[in-house]
Amino acid sequence: MSKPLIVITGASSGIGAATARLLSAQGHPLLLLARRLEKLHELGLPDTLCRKVDVTDRDAVEAAVREAEERFGPADAIVNNAGAMLLGRLADQPAEEWDRMIDLNIKGVLYGVRAVLPGMLARGTGTIINVSSIAGRKTFPNHTAYVGTKFAVHAMSENLREEVASRGVRVVTIAPGAVETELLSHTSDEQIKKDYEAWKKSAGGALDPQAVAEAVAYAYRQPQNVTIREIVLAATGQEA
Ligand code: NDP
């Protein structure tokens with residue numbers, strides 16, 4: 001039997017792109033969402049629908065999932081991965097950056113969940129994988145607004161897990177430490193970026209996104225009656 005559809009948000013770079021490549025190689029049809037459509041197409045994956053969707057647009061997320069399900073059958077999993085890390089201090093960070101992170105990191109996850117969850121509950125099976133962060137478990141310098149969004153992802157994921165556990169649906173939280181991706185590049189404070197790069201270097205470098213993709217695939221490939229509730233992974237040299 002052919003493998004079921006998996007939805008991946010933020011698949012145009014970093015962790016999302018690595019996860020898309022891995023799950024595609026394992027035979028899954030995919031729906032890939034991001035704003036940079038050309039980057040999704042560049043992955044060149046078979047049985048894959050690429051859609052230019054801003055995940056802060058609830059209707060657009062919903063429409064893309066319905067379109068993919070018509071083509072490939074029901075979504076068996078979603079990887080809510082799209083996110084932004086805009087580091088700053090609350091006294092001087094542009095408030096617009098808080099809004100962007102709250103809309104994307106929190107509401108984007110909720111919209112992804114809503115697009116697939118009713119179908120999963122009706123079928124009594126499915127897996128929701130939310131990419132949070134170690135910054136969803138503890139604090140870091142200059143991370144105040146970001147940790148707020150990632151603590152929210154951890155809290156919502158665990159509460160959702162409890163909500164749907166008896167209905168056959170699994171909820172998994174992936175909590176990586178620093179990963180070598182485009183994530184830091186969007187922070188607007190140049191000094192904070194420099195300090196963060198120095199911190200990564202002092203830890204012997206960050207994780208390769210492939211390591212996080214492997215963690216996602218590991219959690220997903222367990223039998224449906226096994227839920228890996230959380231995976232926390234970081235470069236060995238990362239002390240914090
Ligand atoms: P990247 O910046 O490389 O990837 C972020 C992805 O999110 C891109 O594909 C981007 O695509 C997408 N994205 C951003 N905004 C939107 C939007 N409004 N709508 C749809 N897609 C969007 O970073 P990572 O791969 O590192 O980040 C992936 C996840 O991992 C994030 O949730 C991040 O918080 C988390 N994480 C990352 C860590 C790290 O150190 N890198 C550590 C811990 C967690 P596009 O711009 O094309 O829309």
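This one's a predicted model, so the numbers in the text were calculated from it and none came from an experiment. Atoms within a ligand are numbered from 1 in the order they appear, just like the ligands themselves.
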Hey, mind stepping through R36 and K52 against side-chain contact (heavy atoms from CB on, under 4.5 Å) and telling me if it holds? CA-CA 6 Å; R36 290 171 298 171; K52 179 183 170 70; over 6 Å; no

May I ask you to decide whether E97 forms a salt bridge with R100, counting only side-chain N to carboxylate O separations under 4.0 Å? no

Tabulate below the donor-acceptor pairs under 3.5 Å that side-chain atoms of residues 13-23 make, not counting sequence neighbours, or state none.
residue: T19; atom: OG1; partner: I15; partner atom: O; Å: 2.7

If the test is side chain to side chain contact (heavy atoms under 4.5 Å, CB included), which one of V79, L31, L30 qualifies with V7? L31

Any donor and acceptor pair, going by atom type alone, linking the side chain of T187 with main-chain N or O of L87 inside 3.5 Å? yes

Could you name the protein residues that come within less than 4.0 Å of ligand 1, counting only heavy atoms, and order them by chain and residue number? G10, A11, S12, S13, G14, I15, A34, R35, R36, V53, D54, V55, N81, A82, G83, L104, V131, S132, S133, Y146, K150, P176, G177, A178, V179, T181, E182, L183

Tell me whether the centres of the aromatic rings in Y220 and H28 are closer together than 6.0 Å. yes

